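Naming convention: chains lettered A, B, ... in sequence-line order (proteins, then strands); numbering from 1 in each chain. Bear in mind that the values here come from a model prediction, so they are computed numbers and not experimental data.
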There are 2 protein chains.
Amino acid sequence: MVEQEKKPRGFIRSTRQRRVILEVLRGTNSHPTADWIYQKVRDRLPNISLGTIYRNLKTLAENGEVQELNFGSTFSRFDGNPEPHYHFYCQRCGRLFDLFEIPVDHDLTARAGNATGWKVLGHRLEFYGLCGECAKTEGQDGTETGSLQNDK
Amino acid sequence: MVEQEKKPRGFIRSTRQRRVILEVLRGTNSHPTADWIYQKVRDRLPNISLGTIYRNLKTLAENGEVQELNFGSTFSRFDGNPEPHYHFYCQRCGRLFDLFEIPVDHDLTARAGNATGWKVLGHRLEFYGLCGECAKTEGQDGTETGSLQNDK
DNA sequence: ATAAATGCAAAACTTTTGCACCCGA
DNA sequence: TCGGGTGCAAAAGTTTTGCATTTAT
């Protein structure tokens, strides 16, 4: 039950559902959940099913069109930007931000390979703390940012 | 339903269940799942319930006794070593290894704070690829490399 | 034509929770 | 004593899957 490596499909069809899912995901930088994407896509394709959302997100991730992120939660979030980059997670409001300011350090991957002798292909890096908005209100209750946290 | 910041409890009791869970987790470097821990603990406490495992793992994590890891899967793995360190995930066999060879770079956290102006408290870093054993047998069973987003 | 993709619903899995009872400090 | 902890079972939340049907190529 551990998630293994995934192999890209031979060829993948261009379906209306797949196209809309990709457009929705490319059109936000909020790193949404599958269910959030489902709700958005339903505005344009009312009959789409949640299973199709999941199947397509998996296919798109396997083909490098989107990224699946599994930081600090029981559910996945998706990133429409397939380019490797780092993230920042606000542990107060729960939002996930791109952190383009720190460039991806490919040397780090190489160093890990040299240090272990293994085939290290890449790395994932996520920062955490309080985002600008939440840092301002630090010390206050913290449950009052509820409107922001539910991206789903 | 995004996981928020957790505040340590005032004081936590030392119960038989909590003690055994911690011993089991400290006694392995395999970064096990809650269910694996449950099976192990049951050898010594046959009546323990899975709910108690989860409640204690959460409490222990909140108090800095263990770490919860959420890399690349829908379920959590736990690390009995509370000291910050990096990990390596083998995408072939699914095992998660400690990577003590690369020391934690606290400067990275500081750089992210400077770059964003936010309150960056730390970071999580995980490498992925093929471990020594799996690299040897690469290409044997149709499990291809390169499906995940590699560094370029 | 035919293999991939979809919709629907059920199932699988992981994790949380309500509640009565128990136990450690 | 008494509030935290436990066991049990049910529920919640996320993701996967079987199957008949549709659709892209």
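The nearest whole Å value for the distance from the CZ atom in Phe75(B) to the C1' atom in dT16(C) is 18 Å. A straight line from CG of Leu57(A) to P of dT17(D) spans 15 Å, rounded to a whole angstrom. Rounded to an integer number of Å, the gap from Leu60(A) CG to dA5(C) P is 10 Å. Atom CD in Glu62(B) sits about 10 Å away from atom P in dT16(C), given to the nearest Å. Taking atom CD1 on Ile53(B) and atom P on dA9(D), their separation rounds to 16 Å, with Å as the unit. Spacing between atom CZ of Arg77(B) and atom P of dT15(C) amounts to 12 Å, rounded to whole angstrom units. Rounded to whole Å, atom P of dT23(D) lies 19 Å from atom CD1 of Ile12(A). Separating the CG atom of Leu69(A) from the P atom of dT14(D) is a distance of 16 Å, rounded to the nearest angstrom.
Residue Tyr54(B) places at least one side-chain N or O closer than 4.0 Å to OP1 or OP2 of dT15(C). Ser76(A) has a side-chain polar atom (N or O) that falls below the 4.0 Å cut-off from OP1 or OP2 of dT15(D). For Gln17(A) and dT23(D), the shortest distance from a side-chain N or O to OP1 or OP2 is not below 4.0 Å.
In this structure, Phe78(B) has its ring center no closer than 6.0 Å to that of Trp36(B). Between Phe97(B) and Trp118(A), the ring center distance clears the sub-6.0 Å criterion.
Linking ILVMFWY residues whenever their side-chain heavy atoms come closer than 4.5 Å, directly or via other members, leaves Ile12(B) and Val41(B) in distinct clusters. In the hydrophobic clustering of this structure, Phe75(B) does not group with Ile53(B); members are Ile, Leu, Val, Met, Phe, Trp, Tyr whose side-chain heavy atoms approach within less than 4.5 Å, directly or through other members.
Arg95(B) has its side chain within reach of Cys131(B): a pair of non-hydrogen atoms, C-beta onward, lies under 4.5 Å apart.
Between His87(B) and His31(B), the ring-plane angle classifies as perpendicular under the 30° and 60° cut-offs.
Interface residues of residues 43-52 of chain B facing DNA chain D, ordered by number: Asn47(B), Ile48(B), Ser49(B), Thr52(B); criterion, heavy-atom separation under 4.0 Å.
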Sugar-phosphate or base contact per nucleotide [nucleotides 19-25 of chain C; S, B, -; heavy atom under 4.0 Å]: ----BBS

Start with the C-alpha distance between Lys58(B) and Glu68(B), add both sets of side-chain angles, then the distance that settles salt bridge (Lys or Arg N to Asp or Glu O under 4.0 Å), and finish with yes or no. CA-CA 8 Å; Lys58(B) 178 183 271 191; Glu68(B) 181 174 357; over 6 Å; no

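Between the side chains of Ser14(B) and Arg19(B), at least one donor N or O lies within less than 3.5 Å of an accepting N or O.
Between Glu65(B) and Arg26(B), at least one side-chain nitrogen of the basic residue sits less than 4.0 Å from a carboxylate oxygen of the acidic one, meeting the salt-bridge criterion.
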